[in-house]
Amino acid sequence: MPSPTIIRSTALALCLALPGWPAAAPAAGPTYTAGQAKRGQTSYQHWCQTCHGSDLDNGEFGGPPLRGSWFRSHWGNGDVGALFAYVRTAMPPDNPSGLNDTTYVDILAFILQANGYPTGSAELPPDANALSEMTLRREGP
């Protein structure tokens, strides 16, 4: 006779397999507006461009690329909250945490736009918990 633990586990597995049973919601992609990305571009040009370059991958002082394959390989499997936390605590190198959270998310919106994430109707919020719910993963190739 199977143990009560095995019976409960089997019952739970069967319930989860039933059609209509609520499954875990997939993480949503980032949401930002075109206006927010434009503000972010202005802030990027002031605070980030010298190190990361005008094209986000051609900086004078060795800042890592912020678009393309380097960005995807370093951030593409994470969430926006992790990227926000890193940028907020480490950038700019001569003044870490020196910008306000709204400026940081505006810059992130510009970086997301440069990496082909679509714009939406809501701005990227300056809230670490909300940003942690937004995945940078993409479906497809």
Side-chain angles (χ1 to χ4, degrees), residues 2-141:
S3 75
T5 302
I6 291 174
I7 293 171
R8 282 193 298 271
S9 297
T10 302
L12 177 61
L14 288 172
C15 287
L16 292 176
L18 292 174
W21 186 266
T31 178
Y32 66 93
T33 65
Q36 184 178 30
K38 184 68 177 160
R39 288 192 317 265
Q41 181 178 17
T42 300
S43 294
Y44 174 90
Q45 288 168 340
H46 181 78
W47 295 103
C48 315
Q49 184 168 299
T50 301
C51 291
H52 297 282
S54 58
D55 291 330
L56 288 89
D57 63 1
N58 61 341
E60 292 179 45
F61 299 107
L66 299 178
R67 69 180 184 117
S69 61
W70 192 95
F71 181 85
R72 283 189 308 275
S73 70
H74 285 81
W75 297 106
N77 288 318
D79 61 65
V80 181
L83 178 58
F84 174 72
Y86 174 76
V87 171
R88 184 172 63 172
T89 59
M91 297 292 136
D94 62 345
N95 188 20
S97 300
L99 309 178
N100 66 52
D101 288 354
T102 300
T103 301
Y104 283 117
V105 294
D106 288 353
I107 292 169
L108 289 182
F110 173 62
I111 292 169
L112 293 171
Q113 184 179 57
N115 281 282
Y117 291 88
T119 59
S121 59
E123 290 199 350
L124 201 61
D127 176 316
N129 291 327
L131 295 172
S132 293
E133 298 295 321
M134 297 178 189
T135 185
L136 291 168
R137 288 188 190 106
R138 292 184 156 174
E139 298 298 320

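Arg67 pairs by the side-chain hydrogen bond (donor to acceptor under 3.5 Å, both in side chains) definition with Asp57, not counting sequence neighbours. Taking the side-chain hydrogen bond (donor to acceptor under 3.5 Å, both in side chains) definition, one finds that Asp101 meets it with Arg88, sequence neighbours left out. Legend: residues meeting side-chain hydrogen bond (donor to acceptor under 3.5 Å, both in side chains) with Gln113, ordered by chain and number and at least two apart, are absent. Partners of Thr103 according to the side-chain hydrogen bond (donor to acceptor under 3.5 Å, both in side chains) rule, which considers only residues two or more places apart in sequence or in another chain, are Asn100. In terms of the salt bridge (charged side-chain N to carboxylate O under 4.0 Å, His left out) criterion, Asp79 has no residue partners (sequence neighbours excluded).
Distance check: Ile111 CD1 to Tyr32 OH gives 11.5 Å after rounding to the nearest 0.5 Å. From Leu66, atom CG reaches atom CD of Gln49 across 11.5 Å, with rounding to the nearest 0.5 Å. Note that CG of Leu124 is 9.0 Å distant from OG1 of Thr33, once rounded to the nearest 0.5 Å. Note that the NE2 atom of His52 and the OG atom of Ser54 stand 13.0 Å from one another [nearest 0.5 Å]. Expressed to the nearest 0.5 Å, how far OG1 of Thr102 lies from CD of Gln36 amounts to 8.5 Å.
Considering only heavy atoms from C-beta on, Leu99 comes within 4.5 Å of Ile107 through its side chain. Under the 4.5 Å side-chain criterion, counting only non-hydrogen atoms from C-beta, Leu131 is in contact with Val105. Side-chain contact between Pro125 and Met134: present, with at least one pair of heavy atoms (C-beta onward) separated by less than 4.5 Å.
Residue pairs meeting the ring pair (Phe, Tyr, Trp, His ring centres under 6.0 Å) criterion with at least one member in residues 76-126, sequence neighbours excluded, are Tyr44-Phe110, Trp75-Tyr86.
Contact between Trp70 and Pro65 at its shortest, heavy atoms only, is CE3-O, 3.0 Å.
Side-chain N or O atoms of Asn115 include one that pairs as donor or acceptor with a backbone N or O of Gly68 at under 3.5 Å. A donor-acceptor contact shorter than 3.5 Å links the side chain of Asp127 to the backbone of Ala130.
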